[in-house]
Number of protein chains: 2
Amino acid sequence: MEKMERKKANSLDVAKLAGVSQASVSRAFSPGSSISPANKEKILKAAKQLNYVPNAMARALISNQSNCIAIVQPIASNPYFYSKVLQELLNLLQAENQRVVLFSQDDKGVDDILPIIDQYQVDGVIMASANIDAKLINQYVNRGIEFSFINRHVPNVYASSICTDNKQAAKDIVKYLANKGHKTFACIAGDGKASTAIDRVAGYREQIESMGLCDLGVIYDAFSVEGGVNGFNKLKEQGKALPDAIVCGNDEVAIGVINAITQSTKLIVGKDIAITGFDDIDAASWPTYGLTTMRQPLKALCELTVTDLLSRIRNQDTEPSQKSIPGELVIRQSA
Amino acid sequence: MEKMERKKANSLDVAKLAGVSQASVSRAFSPGSSISPANKEKILKAAKQLNYVPNAMARALISNQSNCIAIVQPIASNPYFYSKVLQELLNLLQAENQRVVLFSQDDKGVDDILPIIDQYQVDGVIMASANIDAKLINQYVNRGIEFSFINRHVPNVYASSICTDNKQAAKDIVKYLANKGHKTFACIAGDGKASTAIDRVAGYREQIESMGLCDLGVIYDAFSVEGGVNGFNKLKEQGKALPDAIVCGNDEVAIGVINAITQSTKLIVGKDIAITGFDDIDAASWPTYGLTTMRQPLKALCELTVTDLLSRIRNQDTEPSQKSIPGELVIRQSA
DNA sequence: CTGAAAGCGCTAACAC
DNA sequence: GTGTTAGCGCTTTCAG
């Protein structure tokens, strides 16, 4: 394969070939511009011949709009759920002709990513990460970047946030378990610093208390299968009797707990002990797990986030909004 | 939260505040430029005060380098493996101060994505998708975009490709199973159009034949858990006896097969029938599956891809290369 | 509807 | 080492 050298065509090249001015070429590629159909056709033909596409960088520079959205992903946490969120957001944004620039939140946190995002003139940022300094965000808001948080509430920030109603969802789980006759509970909550975990634990505790049930303790560990295994081991090491039901912070934790129970006890999940998850990832429905779980309204979450963000970008007067969506209890064999 | 209006600072603003020329500001932000330490310090201080960061769009426009890499993802296929690949690539590229622009291959195929990528002046493209028209790619290569394929061999294209040695890996799996005494085989291969599936099936058939073993058939379906379930059902419907061993196209397929076996037969996986996977996704090691599988050298694959691509971008004389890396057989209970 | 001209923010010669 | 100047490719007034 030889590598031939040929320069990329620009709008002037197209203009010359089509016998029009460079400005007309620009108009031919800007929907809504006033240009005669005849000229437009000539230009489009010339452009095709030269494989011309407008340079998005130059366009962004002059028009102050890049059609790029940054997505900031939490590193490695809850990969099954967030990879679906990412895929869904990507599809929605791609359909709206927006580019997605992906950022992974590294150890240092978001503070180092924001200046980089700032360099690239993105129109908006979708954050799936927590622990952000409100002042920092507001500084970028002032430069015209719109922010949206998915599944995170961040106070005092000029940004939208679209969440599952985590607290209510946790209450519903406890209610369901109590109605099935379970009396003693424990919670293996995941990462205690994540706002999702905080909200879910709050709902768990509130509901336990209001129904006069017995809480054997809330255990924090990673939002992962391994975190579930560790969490269950910590629970056993407490020396108390095991609870009737374990409410887990997400499905991966629940899978870890089930793995641990299968390996280190004789209990039958769903019969001797109830386990619930959160998210409804694919593996939750695999027959070996059959996890009763709180499904997050993933599509709705993503759709709301994207439409809200784009409408704020397109109409700068639109105010950010805070929305929450109820989860949906999916009942299988584990509880 | 009020939204104050304040303009983003540019290099001229910084220059004025620091009392130097605009060009000096540019130099202060370009490593390797000749600038006096005193001036640099003044400039950096002024920049900090104004929250200045260089505009990457303008920079890309003039220097013809965007520091952006496009990653094209296959839509929805093998999400567990490719989401890890994406995460790994992202981390590596982010560490090299490269931006990642993500594209999902939609129904129409890659042909529609390439012109969009072209607009954004990316320096390179990493493709995890197949079915590409070589001529089309070469057209973009001529504009100075470097291409790399991960886990795909595409002939007649001026691009690198870094693959697991899929054919050899499949042969190794069959060899391992044969050495354990298995005589009759079937293969539930995944998507027959994917080059990975084609290579693995070729290795499977070659090894079966060379060892004089019995192949009950190769079945194609999706590279998913459901595809595995379907594949196993098709196998049963053939009416023949079931094989001693089923070689699956990837771990998700294998998990589907195990799910189907658990639900619809009395066979014990790993005792009555051997099942193997490919990839070594997280779930492969969960105790309920304990999948014997061919681990793909994910980190090596990604590292080679990134270093190769960046070196070609940084030194335009570097030729693309074709590399393949051996897989690693991970033995668990399923076979 | 169309062309000429200005300029988005930056880098890279080029002089000094 | 530093300032001046000329564009990168585009959109957008402004005349006509």
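Just so we're on the same page: letters track the sequence lines, and every chain starts at 1.
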- prompt: Any side-chain N or O of S34(B) under 4.0 Å from OP1/OP2 of dT2(D)?
  reply: no
d(CG, L12(B); P, dG7(C)) in whole Å: 13 Å
task: Find the distance Q121(B):CD to dG9(D):C1' and express it as a whole number of Å.
output: 9 Å
- request: Figure out the CG/P separation between N55(B) and dG7(C), and round it to whole Å.
  value: 18 Å
message: For a quick check of understanding: with a heavy-atom distance under 4.0 Å over all strands, which category does V20(B) fall into, base, sugar-phosphate or nothing?
response: sugar-phosphate
- request: With the side chain of I62(B) defined as its heavy atoms from C-beta on, choose the nearest nucleotide among dG7(D), dC10(C), dG3(C).
  value: dG7(D)
Sidechain N-carboxylate O distance under 4.0 Å for E146(A), R314(A): no
query: With a 4.0 Å cut-off on heavy atoms, is S11(B) in touch with a base, just the backbone sugar-phosphate, or nothing at all?
result: sugar-phosphate
message: In whole Å, I'd like the distance from the CE atom of M57(A) to the P atom of dT11(D).
response: 14 Å
- prompt: Between Q296(B) and T164(B), do the side chains contain an N or O donor and an N or O acceptor separated by less than 3.5 Å?
  reply: yes
Given DNA chain D, 5'-ward residue of the pair Q22(B) and A9(A), judged by closest heavy atom: Q22(B)
- prompt: Quick one: N39(B) CG to dG1(D) P, roughly how many Å, whole number?
  reply: 10 Å
query: S21(B) side chain: which of dG7(C), dT4(D), dC10(D) is closest?
result: dT4(D)
- prompt: Under 4.0 Å between a side-chain N/O of N64(B) and OP1 or OP2 of dC8(D), yes or no?
  reply: no
- request: Just say parallel, tilted or perpendicular for the rings of Y52(B) and F29(B), cut-offs at 30° and 60°.
  value: perpendicular
Which nucleotide in dT13(D), dT11(D), dC10(C) has an atom nearest any side-chain atom of R27(A): dT13(D)
- request: Name the nucleic acid region contacted by I35(A), choosing base, sugar-phosphate or nothing; use a 4.0 angstrom heavy-atom cut-off, strictly under.
  value: sugar-phosphate
Nucleotide dT11(D), atom C1' - distance to CZ of F29(A) in whole Å: 14 Å
- request: Decide whether K8(B) and Q121(A) meet the rule of one side-chain donor and one side-chain acceptor closer than 3.5 Å.
  value: yes
- request: Counting heavy atoms from C-beta on, name the nucleotide in dT2(D), dG9(C), dC10(C) closest to the side chain of S24(B).
  value: dT2(D)
message: Measure CG/L61(B) against P/dT11(D) and give the value in whole Å, please.
response: 12 Å
task: Report yes if at least one side-chain N or O of Y52(B) is closer than 4.0 Å to OP1 or OP2 of dC10(C); otherwise report no.
output: yes
Any S36(A) side-chain nitrogen or oxygen under 4.0 Å from OP1 or OP2 of dT2(C): yes
statement: From the candidates dT4(D), dC10(C), dG9(D), the one with an atom nearest any side-chain atom of R59(B) is dC10(C)
field: Separation of dT11(D) C1' from N67(A) CG (nearest whole Å)
entry: 14 Å
- prompt: Without hydrogens or angle criteria, can the side chains of N151(A) and T196(A) be said to hold a donor-acceptor pair below 3.5 Å?
  reply: no
message: Does a side-chain N or O of N10(A) approach OP1 or OP2 of dG9(D) to a distance below 4.0 Å, or not?
response: yes
- request: Select from G19(B) and S63(B) the residue whose nearest nucleotide in DNA chain D is closer to the 5' end of that strand.
  value: G19(B)
Residue pair S148(A) / R312(A), side-chain donor-acceptor N/O under 3.5 Å: yes
